[in-house]
Student: 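One structure, as structure tokens, below. Some questions next.
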Amino acid sequence: MTIKVCLAGATGWAGSALAKAIHAAADMELVGGVSRTHAGRQLGDVLNDPGMPLTLSGTAAEALSSTCDVFVEYTTPEIAVQNILLALEAGAHVVVGTSGVTDEDLRRIDEAAAAKKRGVLAAGNFALTAVLLQKFVEIAARFIPHCEIIDYAHAGKADAPSGTVRELAHRLGRIRQSAQDVPLEEMQGPSESRGARLNGTQVHAVRLPGYVIAAEVIFGMPDQKLILRHEAGAGAEPYVDGAMLAIRKVGTFTGLRRGLDTVMELGA
Ligand SMILES: NC(=O)c1ccc[n+]([C@@H]2O[C@H](COP(=O)([O-])OP(=O)(O)OC[C@H]3O[C@@H](n4cnc5c(N)ncnc54)[C@H](OP(=O)(O)O)[C@@H]3O)[C@@H](O)[C@H]2O)c1
């Protein structure tokens, strides 16, 4: 059976690599693509790949007027939630790659997905090493009470913390609230210097030229520490395989799942 896919953000850094993979896959068909600046143009012309005969739409609403099985959201947090709810309303399952979607928005999305009996798979990071980081962090948190997260990205990344780090904090929060020997309200100096408390863990975001994207979780114990770090290079390829797996699996459940590992056989 061919999975009909509509891709919002088809001309973007992450979306264009995914568009090419969907186009090349025997079990998928790219039936819709969204980009404001290239609306009305052929995706193949924009991506310099003439074998892709798909006219781009300027909005998700317009693209969703053609039936699709799976809608992929790969744009910006400002428009993502609206797009996801529209896609669910149109009867599509949804894969969310866009970062910056809040826990509260995800709760609304979960309710809408359950009501429509559709699946939503939201993954802050589709790269295999990031997925493994999530699993290893969950194991470590069961044994080590103190941890903090550092979120590194390039200077132009507008959202903080990243989707990867939001997801890490969400997972840690399900296991424990990270211990704090000096409560935040008793700290001296600017409280922001201790970062933001997200789902019970301190999160520090660094946005500097020279970085691409990395997430580091530091677990500290007396006289020992464990540092787990995922680091990505400049290409979008690491995210393609995970997003393709998400597209293939999102129709197998209803409601929201967070993290690619929820559809992988990772054990632990
Ligand atoms: N989950 C993961 O593994 C993963 C991996 C990489 C990136 N990301 C996240 O994915 C998102 C996209 O990243 P990117 O680096 O690909 O960004 P990008 O290069 O800026 O691409 C954004 C895409 O979305 C479109 N877009 C932006 N605003 C839109 C709007 N209001 N309506 C319709 N289309 C819109 C853009 O086209 P127009 O400007 O022409 O509209 C473009 O096609 C970010 O949130 C990023 O953090 C996640």
Side-chain angles (χ1 to χ4, degrees), residues 6-22 30 32-43 45-47 54-64 71-87 94-102 105-106 120-134 151-168 170 205 207 211-215 230-247 250 257-264:
C6 177
L7 174 54
T11 59
W13 176 75
S16 58
L18 182 60
K20 289 177 183 170
I22 295 169
L30 195 56
V34 184
S35 153
R36 293 160 305 173
T37 42
H38 299 291
R41 290 187 66 196
Q42 293 292 299
L43 178 60
D45 292 344
V46 179
L47 302 189
L54 174 78
T55 307
L56 289 161
S57 305
T59 63
E62 194 185 318
L64 285 162
F71 178 86
V72 180
E73 167 49 47
Y74 240 153
T75 64
T76 66
E78 289 79 38
I79 193 76
V81 178
Q82 185 183 321
N83 285 352
I84 295 161
L85 295 175
L86 271 175
V94 183
V95 169
V96 184
T98 310
S99 61
V101 180
T102 65
D105 288 332
L106 288 170
V120 177
L121 184 49
N125 199 318
F126 288 117
L128 179 63
T129 55
V131 175
L132 291 173
L133 172 69
Q134 290 170 345
D151 170 23
Y152 299 92
H154 54 91
K157 186 166 172 61
D159 61 300
S162 66
T164 310
V165 164
R166 281 179 193 273
E167 215 163 275
L168 282 168
H170 170 76
R207 295 289 178 268
Y211 285 94
V212 180
I213 208 121
H230 153 77
E231 184 154 351
E237 283 67 29
Y239 311 106
V240 170
D241 287 349
M244 294 292 278
L245 178 66
I247 293 169
V250 70
R257 289 195 187 179
R258 287 181 76 170
L260 190 67
D261 62 300
T262 59
V263 294
M264 291 171 77

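Starting from 1, each residue takes its place in the sequence as its number. For ligands, and for the atoms within them, numbers begin at 1 and follow the listed sequence.
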Student: Would you say A123 touches ligand 1, if touching means a heavy atom closer than 4.0 Å?
Tutor: yes
Student: For S57, does its backbone N or O pair with a side-chain atom of E62 as donor and acceptor, under 3.5 Å?
Tutor: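 No: the side chain of E62 does not pair with the backbone of S57.
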Student: Between R207 (side chain) and D159 (backbone), is there a donor-acceptor pair under 3.5 Å?
Tutor: yes
Student: Regarding atom 46 (C) of ligand 1: of the candidates A8, S99, A158, which has the closest heavy atom?
Tutor: S99
Student: Would you tell me which option among G9, A10, G242 has the nearest heavy-atom contact to atom 25 (C) of ligand 1?
Tutor: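 Closest candidate by heavy-atom distance is G9.
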Student: S35 to ligand 1: N or O pair under 3.5 Å?
Tutor: yes
Student: Could you find the nearest protein heavy atom to atom 40 (O) of ligand 1 and give me its residue, atom name and distance?
Tutor: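 Going by distance alone, atom 40 (O) of ligand 1 is nearest to T37 OG1, 2.3 Å.
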Student: For ligand 1, is K157 a contact, meaning one of its heavy atoms is under 4.0 Å away?
Tutor: yes
Student: Check each of L47, L43, D45, T11 against H38 using the side-chain contact (heavy atoms from CB on, under 4.5 Å) test, and report the only one that passes.
Tutor: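 Between H38 and the candidates, side-chain contact (heavy atoms from CB on, under 4.5 Å) is satisfied uniquely by T11.
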Student: Could you check whether the rings of Y152 and Y211 sit parallel, tilted or perpendicular, using 30° and 60° as the cut-offs?
Tutor: parallel
Student: Select one of side chain, backbone, both or neither to describe which atoms of T11 lie under 4.0 Å from any atom of ligand 1, heavy atoms only.
Tutor: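 Near ligand 1, T11 shows its backbone as well as its side chain.
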Student: Please work out, at 4.0 Å between heavy atoms, whether the side chain, the backbone, both, or neither of T76 comes within that distance of ligand 1.
Tutor: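 Only the side chain of T76 comes within reach of ligand 1.
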Student: CD1 of I247 to CZ of F126: how many Å apart, nearest 0.5 Å?
Tutor: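 Those atoms lie 8.0 Å apart.
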Student: How far is atom 3 (O) of ligand 1 from its nearest protein heavy atom, and which residue and atom is that?
Tutor: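 Scanning the protein heavy atoms, the shortest distance from atom 3 (O) of ligand 1 goes to F126 N, 2.7 Å.
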Student: Once rounded to the nearest 0.5 Å, what's the spacing between atom CG of D105 and atom CG of L85?
Tutor: 8.5 Å
Student: Are any of the N/O atoms in A127 less than 3.5 Å from those in ligand 1?
Tutor: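 It does not: no N or O of A127 is found under 3.5 Å from an N or O of ligand 1.
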Student: Does ligand 1 have any atom that is closer than 4.0 Å to a heavy atom of G124?
Tutor: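 Heavy atoms of G124 do come under 4.0 Å of ligand 1.
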Student: Roughly how far apart are K20 NZ and L30 CG, rounded to 0.5 Å?
Tutor: 12.5 Å
Student: Is the side chain of D151 donor-acceptor paired with the backbone N or O of S162 at a distance under 3.5 Å, no angle test?
Tutor: yes
Student: Look only at the side chain of T75 and the backbone of A8, and say whether a donor-acceptor pair between them is shorter than 3.5 Å.
Tutor: no
Student: Just heavy atoms, cut-off under 4.0 Å: does Y74 contact ligand 1 by side chain, backbone, both, or neither?
Tutor: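 Within the 4.0 Å criterion, Y74 contacts ligand 1 through backbone and side-chain atoms alike.
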Student: Determine, considering heavy atoms only, which of E73, R36, E62 sits nearest to atom 38 (P) of ligand 1.
Tutor: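 Nearest heavy atom to atom 38 (P) of ligand 1 lies in R36.
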Student: Between ligand 1 and W13, is the shortest N or O to N or O distance under 3.5 Å?
Tutor: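 Looking only at distances, the answer is yes, because the N/O contact criterion of under 3.5 Å is met.
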Student: How long is the straight-line distance from CZ of R258 back to CG of L121, given to the nearest 0.5 Å?
Tutor: 11.5 Å
Student: First locate atom CE of M264, then atom CG of L132, and finally report the distance between them rounded to the nearest 0.5 Å.
Tutor: 7.0 Å
Student: When you compare ligand 1 with A14, is there at least one nitrogen or oxygen pair between them that comes in under 3.5 angstrom?
Tutor: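 Checking ligand 1 against A14, an N or O pair does fall under 3.5 Å apart.
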Student: So for ligand 1, is G97 a polar contact partner (N or O within less than 3.5 Å, distance only)?
Tutor: yes
Student: Any protein heavy atom sitting closer than 4.0 Å to atom 20 (O) of ligand 1?
Tutor: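 Within 4.0 Å of atom 20 (O) of ligand 1, no protein heavy atoms are found.
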Student: Between T75, L18, L260, V96, flag the one that comes closest to atom 11 (C) of ligand 1 by a heavy atom.
Tutor: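 Looking at heavy atoms only, the winner is T75.
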Student: Return the closest protein heavy atom for atom 33 (C) of ligand 1 as residue, atom name and distance.
Tutor: V34 CG1, 3.6 Å
Student: OG1/T164 to NE2/H230 distance, rounded to the nearest 0.5 angstrom?
Tutor: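 If I round to the nearest 0.5 Å, the distance is 6.0 Å.
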